[in-house]
Each structure stands twice: as C-alpha cells, then as structure tokens.
Amino acid sequence: MSFSGKKILILVTGGIAAYKINTLVRDFVKENAEVQVLMTPDAQKFVSALTLSTLSKKPVFTEFYGDNGTWNSHVEMALWADLILVAPCTANTLAKMVNGLCDNLVMATYLSAKCPVFIAPAMDLDMYQHPSTNINLEKAKQFGHHIIPAEHGELASGLIGQGRMSEPHTILEVIGKYFNSKHSQLSGKKILITAGPTYEAIDPVRFIGNHSSGKMGFSLAKEAAERGALVTLVSGPTTLSIEHPNIKLIRVTSAKEMLTEVMEVFDSVDVAIASAAVADYTPKVVAQEKIKKNEDSFTIELVKNPDILKTMGQQKKHQILVGFALETQNEMANAKGKLEKKNLDMIVLNSLRDEGAGFQKDTNKINLITKDEIVTFDLKPKTEVAKDILDAVEARMENK
Ligand SMILES: Cc1cc2nc3c(=O)[nH]c(=O)nc-3n(C[C@H](O)[C@H](O)[C@H](O)COP(=O)(O)O)c2cc1C
C-alpha cells in the first residue's frame with residue numbers, strides 16, 4: 001500500500017489510545033505519506049509532541065499562537081490536507097465536532113477543512129455506549145465523515161468491551177482502500193444489490209424458502225462500498241450483518257416485499273446486481289392460524305411470484321443490470337436465455353454441479369456471460385468473486 005503524494009493531517013486528542021499514534025504516524029511515513037500532526041492541549045499529556053514531530057519529520061502544533069506574535073494557520077493546514085484523521089477521537093472532541101465548537105487549534109483546523117474526515121473513536125466501555133456518543137457518531141456520519149469503529153477487547157480501565165481504538169494497521173488499511181476507491185468507476189455511484197433467500201409464508205409459523213445464505217450479495221455490497229459506491233443492499237432473511245458508512249441495508253422477508261424495496265430505488269441507481277434467490281412461487285392463500293396436523297396429506301396451491309429481475313429489465317434506462325443464474329442442467333443455454341429475456345447486461349452463472357459453488361458456501365465458481373463473451377473463473381472465496389464481478393461492471397461502465 002503506498003500513500004505516495006498523499007497529505008494526511010492527523011488530529012490527536014487526549015485519550016489513552018494516543019500511544020498508538022506513534023506507530024500510525026511511522027507507518028504512514030514509511031508508505032510515503034506526508035503527515036502533519038496537530039494535538040489538543042490534553043493530548044500532550046498522553047503522547048509527546050517531540051516523538052510525533054520526529055516520526056512525522058515536521059513540527060507538531062498544539063496551540064494557535066507561536067512565539068514573537070506568530071500564529072499557526074489552521075486555515076492553511078486544513079486546505080493543505082487530502083484527508084483528516086482524528087485519532088484517537090475523544091468523546092469530548094467528537095461532541096465539539098458535531099456541534100461546531102472552536103476552542104483549540106484542532107477544532108479550528110477541523111472546521112476549516114473541506115477534505116474527507118475519518119474518525120477513530122476511543123473510549124472506555126460506558127462512554128462509548130453512552131447515548132450521547134451514539135448520537136454524536138450518527139451526526140458525524142450524516143456530515144459524511146467516515147467512522148472507523150472502535151474495537152472490542154480489554155480497555156485501559158480493565159473493563160472488557162467495545163471502545164479500543166482500531167489498531168494502526170486497520171486504520172492504514174481503511175484509508176488505503178479509501179484512496180484506491182477514488183480511482184474506481186464505482187466511486188460516488190449508486191448501486192442496488194439484492195441478497196439472500198425470500199421466505200414465502202404458508203401460515204404464521206411456516207414458510208417456503210431456499211438455502212441461500214446471502215454471502216455472495218453481502219460480499220458484493222462490501223466490495224462495492226469499499227470502491228466508493230453508495231450501496232442499497234436489499235436482503236432476504238439471513239444471519240449476516242454488515243456495517244459500512246456507504247451501505248444502507250434493508251431487510252425484507254418475501255419476494256413481494258423485496259420487489260417493493262427494489263423498485264423504490266431502481267430508477268435512481270447506476271448499477272443493479274440481483275444476487276438474491278427469490279422464490280418463484282408463493283402460496284396462494286396464507287393460513288391465518290397454524291395449520292393443524294389433521295389430515296394424512298394436504299396440498300398447498302402455489303402462484304407465481306413477481307419476477308423482480310424481469311421487472312427491473314423492463315424498466316431499465318441507463319442502469320447496468322446484472323443477474324445471477326444458479327442452474328443444475330443446461331447451464332449455459334439457460335443463462336444465455338435469461339440474459340436476453342430479462343434484458344440484462346451481464347449474467348453470473350454458477351452451477352450446483354461445480355464443487356464449492358452455490359448456496360451456503362464461502363467459495364463460488366462463476367462464468368460471467370455478456371452478449372459478446374463468456375469468461376470462466378476459477379473457484380475462489382466469494383469476497384474475491386465479488387471483485388471479479390465488480391471489475392467486469394466497471395469495465396462496462398468505462399465503455400458506456
Ligand atoms: C487517564 C485518562 C484517560 C482518558 N482516556 C480517554 C479516552 O480514551 N477517551 C475519551 O474520550 N476520553 C478520555 N479521557 C478524558 C479526556 O482526556 C478529556 O475528556 C479531555 O478533556 C479530552 O480533551 P480533548 O478532546 O480536547 O483532547 C481520559 C482522561 C484521563 C485522565
């Protein structure tokens with residue numbers, strides 16, 4: 001990972017995790033970043049300006065005022081930066097940031113900046129869980145700031161829980177990915193991804209479903225978000241969870257609910273990827289009460305569900321539309337037929353005949369089919385498959 005040519009302004013505040021900032025600054029500098037450190041007056045109690053200045057190879061500023069009537073220009077430093085990182089970010093500084101307080105050099109610089117802001121909060125257990133901290137983190141997200149969540153573990157107080165500042169290598173990785181995403185075609189673009197199964201109710205306790213885990217769709221959402229896309233992830237029932245400032249997760253149960261959520265955003269997105277395994281049929285009648293075991297056999301009449309992918313295909317204007325096909329026979333012919341019938345730009349074919357591919361697995365083996373070509377990939381983790389799919393989407397965006 002190289003930060004060559006990147007100017008990073010690190011604002012250090014008065015938390016115990018400030019001791020990790022020495023390592024972080026050293027690592028950024030090692031990767032060729034230009035680093036300017038500013039500290040709050042309290043931060044100096046936790047880490048020395050001399051150490052940070054030596055590691056960053058620049059003077060570290062802590063006060064507005066220098067010697068002999070000089071002052072340290074917060075405006076110049078704010079406009080110099082490609083990125084601001086507040087680390088560790090105390091509850092105190094976080095509260096000031098979201099309320100526009102300006103009583104030290106760190107705050108004045110933060111308020112004067114136009115560049116992206118990353119916040120690595122660090123607090124003791126109860127401070128991190130406090131409703132005011134939660135509200136302030138939410139507000140910071142609404143400002144468009146990127147939160148690097150605190151990690152779980154032993155805290156300086158001896159308590160165990162969430163509150164530890166992310167490790168320097170994690171912070172470096174998050175910021176590295178952010179800079180890389182700026183080169184992506186997907187950066188700033190809106191993308192809709194469907195994931196998981198749908199459950200079609202038979203009665204209040206039973207349903208018809210399938211074995212989809214949602215892993216493929218969630219991997220796609222994470223990768224797209226890391227490339228800078230704004231992701232709406234509509235997922236059927238799954239045990240998976242995901243947290244990323246660029247991902248809005250909408251959980252649904254049935255195909256009809258999924259259709260409603262999908263069509264709510266479809267017009268406004270640039271790309272839609274339908275990886276959900278939507279039930280083709282649903283019970284015609286849902287029993288209001290639990291069906292009793294009175295008969296030796298009973299029949300459920302099924303009716304066709306709405307075809308979500310086809311509906312998107314019919315309403316497609318500027319969007320790149322990608323579908324998934326999971327086949328057990330005549331794979332290629334069926335997938336190509338679906339590409340055409342549903343007006344797709346690309347279809348991802350996975351076959352249950354391939355070992356390691358399909359539902360529940362952490363790996364997948366795919367063919368990417370467009371009108372003009374078929375590209376076959378090796379068996380890979382779904383996180384890597386997500387990259388292959390999005391690389392293909394980006395190539396298409398570039399040629400559009
Ligand atoms: C030993 C010690 C450790 C502290 N650790 C934290 C911390 O991890 N997170 C936090 O939000 N505040 C912590 N505080 C409280 C802050 O130092 C205090 O709120 C201070 O006013 C922060 O000022 P600043 O945000 O301007 O740097 C700690 C205080 C002490 C004395």
Side-chain angles (χ1 to χ4, degrees), residues 8-25 35-53 55-56 59-66 71-75 77-78 81 83-113 117-141 143 145-171 174:
I8 298 174
L9 187 57
I10 303 185
L11 309 182
V12 185
T13 73
I16 198 73
Y19 77 90
K20 295 182 184 173
I21 300 306
N22 293 338
T23 309
L24 186 68
V25 168
V35 177
Q36 172 68 63
V37 178
L38 305 184
M39 299 167 83
T40 61
D42 280 65
Q44 297 173 82
K45 301 229 164 60
F46 295 85
V47 65
S48 109
L50 179 66
T51 309
L52 286 169
S53 156
L55 292 169
S56 64
V60 168
F61 301 110
T62 55
E63 304 286 344
F64 282 117
Y65 312 104
W71 63 291
N72 301 315
S73 173
H74 51 279
V75 179
M77 287 187 281
L83 183 143
I84 283 183
L85 168 66
V86 191
C89 183
T90 55
N92 178 54
T93 291
L94 175 66
K96 288 189 199 173
M97 287 167 71
V98 298
N99 286 293
L101 268 73
C102 189
D103 61 351
N104 62 36
L105 181 65
V106 159
M107 290 313 305
T109 310
Y110 159 73
L111 286 170
S112 306
V117 175
F118 282 70
I119 299 173
M123 282 158 224
D124 205 35
L125 183 65
D126 298 307
M127 234 189 210
Y128 195 65
Q129 284 179 352
H130 198 280
S132 58
T133 304
N134 284 323
I135 289 171
N136 289 342
L137 284 171
E138 264 320 302
K139 275 194 199 159
K141 276 190 207 166
F143 291 179
H145 297 345
H146 305 254
I147 312 296
I148 307 175
E151 290 174 6
H152 201 276
E154 192 176 340
L155 301 160
S157 61
L159 294 173
I160 294 178
Q162 199 180 4
R164 289 168 64 92
M165 190 183 81
S166 263
E167 292 302 321
H169 66 86
T170 308
I171 296 178
V174 170

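Note that ligands are numbered from 1 as they come in the structure, with each ligand's atoms numbered from 1 the same way. Excluded from the calculations below are hydrogen atoms, water molecules and symmetry mates; all remaining heavy atoms, backbone and side chain alike, are included.
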So which heavy atom on [X] is nearest to which on [Y], and how close?
X	Y	answer
M77	L9	O-CD2, 3.7 Å
G153	R164	CA-CD, 3.6 Å
C102	L111	CB-CD1, 3.7 Å

Ligand 1 atoms in contact with [X] (distance to a heavy atom under 4.0 Å):
X	answer
T40	24 (P), 26 (O), 27 (O)
G15	5 (N), 6 (C), 7 (C), 8 (O)
I16	5 (N), 8 (O)
M127	10 (C), 11 (O), 12 (N)

(message) Using a 3.5 Å cut-off on N or O atoms only, is T13 in polar contact with ligand 1?
(response)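 For ligand 1, there is no N or O atom that lies under 3.5 Å from one belonging to T13.
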(message) Does ligand 1 come near enough to A17 that some N or O of the ligand is less than 3.5 Å from an N or O of the residue?
(response) no
Please write down residue, atom name and distance for the protein heavy atom closest to [atom].
atom	result
atom 3 (C) of ligand 1	F46 CE2, 3.5 Å
atom 8 (O) of ligand 1	A122 O, 3.4 Å
atom 20 (C) of ligand 1	D42 OD2, 3.6 Å

(request) Using only heavy-atom distances, determine whether the side chains of T93 and T90 contain a donor-acceptor pair under 3.5 Å. (result)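 Yes - a donor-acceptor pair under 3.5 Å links their side chains.
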(message) Do N104 and T40 pair up side chain to side chain, a donor and an acceptor below 3.5 Å, judged on atom types alone?
(response)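 N104 vs T40: no donor-acceptor pair found between side chains.
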(request) Report the part of T93 (side chain from C-beta onward, or backbone N, CA, C, O) that has a heavy atom under 4.0 Å from ligand 1; answer both or neither where that applies. (result)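 The part of T93 near ligand 1 is both the backbone and the side chain.
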(message) Is it the case that the ring center of Y128 lies less than 6.0 angstrom away from the ring center of H152?
(response) no
(message) Among all the protein's heavy atoms, is there at least one whose distance to atom 30 (C) of ligand 1 comes out below 4.0 Å?
(response) yes
(message) Tell me the nearest of T90, L155, N92 to atom 10 (C) of ligand 1, using heavy-atom distances.
(response) T90
(request) Out of A95, P88, A91, G14, indicate the one that has the non-hydrogen atom closest to atom 13 (C) of ligand 1. (result) G14
(request) Determine the interplanar angle of the H146 and F118 rings, folded into 0 to 90°, and report it as parallel if under 30°, tilted if 30 to 60°, perpendicular if over 60°. (result) parallel
(message) So, applying side chain to side chain contact (heavy atoms under 4.5 Å, CB included) with L85, which one of V37, L24, I119, V174 is it?
(response)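 Result for side chain to side chain contact (heavy atoms under 4.5 Å, CB included) with L85: L24.
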(request) Give a yes or no on whether Y65 atom OH has more than 12 heavy-atom contacts from other residues, nucleotides or ligands under 6.0 Å away. (result)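 No, because the 6.0 Å sphere around OH of Y65 holds 12 heavy atoms or fewer from other groups.
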